[in-house]
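Data first, discussion second: the structure below is written as structure tokens.
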Amino acid sequence: MRISLVVTTLNEAGTIGELLEAIDSQTRGPDELIVIDGGSSDRTLDLLRQWAGTRPWVRVESAPGANIATGRNLGIRSAAGPVIAVTDAGCIPEPEWLERLEAGFSDPGTELVMGFYRPDPRSRFEAILSCLNLPDAAEVNPERFMPSSRSVAFLKSAWSKAGGYPEWLDIGEDMYFNFRLLQEGVRRTFAPEAVVRWRLRPDLPRTLRQYFRYARGDALGGMYPERHALRFLTYLSAASLIAAPRRRRALIPVAALAGLKRMSPAYARALRRLSPAEAGAALVVLPVLELLLDLAKMAGFLAGLSAASARAPVKVR
């Protein structure tokens with residue numbers, strides 16, 4: 001099975017070395033690696049070309065202005081292999097990552113192998129944040145899992161059936177691609193052992209911007225409307241309870257219990273992953289983070305709806 005690995009980069013001079021080292025360390029290396037750079041202004045291209053100079057199976061191309069979806073499509077279109085593996089700059093595939101993805105195709109009917117990803121925290125903030133938004137593999141329902149393209153492999157024919165990644169969408173392109181694959185009836189396999197380590201945003205402002213953009217992409221792509229509607233409804237209901245007459249405030253403890261239930265998966269992860277001192281801090285910090293991220297998502301979704309109203313809506317079921 002010939003596997004082409006496609007990676008997109010943009011100003012990753014500080015992190016690209018870790019990815020390249022991880023690719024060199026694969027127990028099953030890619031038959032070809034295609035890197036599409038979106039026009040880096042730092043030393044990313046120089047570092048890539050220097051590394052590729054001694055590896056004839058590596059091709060580095062510059063495509064200034066290309067977003068992630070465009071870069072991936074360029075790389076996949078030119079790939080020689082029938083199987084495409086995808087990850088991102090800023091990620092660190094574990095040594096058996098590609099081998100595990102390849103093993104997922106052992107069933108001849110499989111068209112998409114969904115790998116997994118784990119946090120690679122470098123600070124207490126990142127460690128606590130990962131408990132909120134990165135589940136463990138044991139929590140995942142393979143039938144409902146929507147993989148990130150930081151850890152995935154698929155037949156090139158499946159990519160073609162789905163129409164490729166949506167180049168009109170700057171963020172959330174991999175989720176839209178997932179929906180298209182589902183619409184086309186692509187047969188999927190979950191490979192939780194195919195792990196990529198991924199570093200989250202290192203501070204709160206960048207994290208909030210990231211989730212604002214995720215939600216904006218959801219609105220532009222017509223994705224997860226029920227999920228976003230439920231979030232708005234939840235906060236509107238909470239606000240109405242707080243502002244309600246005293247006789248209705250008896251419902252506030254019920255709402256608090258509902259909030260605690262919502263936070264219970266994150267608390268369980270904190271207890272599993274963190275030191276006792278960090279877990280204690282997480283119990284206090286996680287609800288505040290959840291609130292701030294929800295506000296960022298609501299603002300982003302509204303911004304996306306406003307932008308989408310200027311053109312014909314895109315519907316994804």
Side-chain angles (χ1 to χ4, degrees), residues 10 38 65-70 72 88 125-126 128-135 144-150 163 165-183 198 200-244 248 251-252 254-256 258-263 265-266 285-317:
L10 180 64
N67 62 14
I68 294 175
T70 301
R72 285 186 184 138
D88 289 332
F125 171 79
E126 293 174 34
I128 292 175
L129 178 64
S130 74
C131 297
L132 190 63
N133 54 17
L134 286 181
R144 301 180 62 185
F145 185 49
M146 299 291 271
S148 165
S149 285
R150 69 178 66 96
Y165 286 92
E167 298 183 8
W168 50 270
L169 195 56
D170 286 333
I171 194 165
E173 76 296 328
D174 50 356
M175 291 300 107
Y176 189 91
F177 183 59
N178 284 333
F179 278 112
R180 291 290 300 126
L181 291 168
L182 287 173
Q183 286 177 335
W198 176 55
L200 283 72
R201 296 295 188 271
D203 54 47
L204 183 59
R206 277 180 277 191
T207 299
L208 294 177
R209 283 196 295 271
Q210 180 186 37
Y211 279 84
F212 175 93
R213 296 184 67 224
Y214 281 160
R216 184 178 185 276
D218 284 351
L220 287 170
M223 298 180 286
Y224 302 115
E226 297 87 358
R227 180 184 298 179
H228 288 282
L230 180 60
R231 182 177 293 110
F232 279 100
L233 180 61
T234 297
Y235 280 93
L236 286 173
S237 299
S240 67
L241 283 175
I242 293 171
R248 293 172 57 191
L251 294 175
I252 292 178
V254 177
L260 183 61
K261 181 179 179 181
R262 182 185 180 189
M263 295 302 303
V285 173
L286 282 171
V288 178
L289 281 176
E290 178 80 345
L291 171 63
L292 294 175
L293 292 183
D294 279 345
L295 292 174
K297 291 172 189 176
M298 288 189 286
F301 193 74
L302 291 175
L305 289 177
S306 177
S309 66
R311 59 177 178 80
V314 179
K315 295 197 179 290
V316 178
R317 297 185 183 275

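All heavy atoms count here, side chains included; hydrogens, waters and symmetry mates do not.
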Q.
Checking Arg213 now: which residues fulfil side-chain hydrogen bond (donor to acceptor under 3.5 Å, both in side chains) with it, not counting sequence neighbours?
A. none
Q: Kindly indicate whether the side chain of Ile68, heavy atoms from C-beta on, has any atom under 4.5 Å from the side chain of Asp174.
A: no
Q. How many angstroms lie between atom CG of Asn133 and atom OH of Tyr211, to the nearest 0.5 angstrom?
A. 3.0 Å
Q) So do the side chains of Leu182 and Met146 get within less than 4.5 Å of each other, counting heavy atoms only? A) yes
Q. Mind checking whether Phe232 and Phe301 have parallel, tilted or perpendicular rings, split at 30° and 60°?
A. tilted
Q: List for me each residue that meets side-chain contact (heavy atoms from CB on, under 4.5 Å) alongside Asp294, sequence neighbours excluded, and say none if there are none.
A: Arg231, Tyr235, Arg262, Glu290, Lys297
**Q.** Minimum-distance pair of heavy atoms, taken over all atoms of Pro202 and Phe125
**A.** O-CD2, 3.6 Å
Q. Between Asp218 and Gly172, is there a donor-acceptor pair closer than 3.5 Å when you use the side chain of the first and the backbone of the second?
A. no
Q | Approximate separation, where rounding is to 0.5 Å, of Asp170 CG and Arg216 CZ | A | 8.0 Å
(Q) Would you say that Tyr214 contacts Tyr224 through its side chain, given a criterion of any heavy-atom pair below 4.5 Å between the two side chains? (A) no
Q: Look up atom NE2 in His228 and atom CG in Leu233, then write down how far apart they are to the nearest 0.5 Å.
A: 14.5 Å
Q. Is it true that a side-chain atom of Asn67 and a backbone atom of Glu167 form a donor plus acceptor pair closer than 3.5 Å?
A. yes
Q) If you look at every heavy atom in Phe212 and Ala303, which pair is closest and at what distance? A) CZ-CB, 3.7 Å
Q) How about Leu230 and Thr234: do any of their side-chain heavy atoms sit closer than 4.5 Å? A) yes
Q) Less than 4.5 Å apart, any side-chain heavy atom of Leu220 and any of Leu169? A) yes
Q | Euclidean distance, Leu293 CG relative to Leu204 CG, rounded to 0.5 Å | A | 7.5 Å
Q | Which atom of Ala308 lies closest to which atom of Ala219, heavy atoms considered | A | CB-O, 4.3 Å
Q: Flag the pair Leu289 / Thr207 as yes when at least one side-chain heavy-atom distance between them is below 4.5 Å, and no otherwise.
A: no
Q.
Are Ser149 and Tyr165 packed together at the side-chain level, in the sense that at least one heavy-atom pair is separated by less than 4.5 angstrom?
A. yes
Q) In Å, rounded to the nearest 0.5 Å, how long is the span from CE of Met175 to CE of Met223? A) 8.0 Å
(Q) Could you work out, with side-chain hydrogen bond (donor to acceptor under 3.5 Å, both in side chains) as the rule, every residue matching Arg72, not counting sequence neighbours? (A) Asp88, Glu173
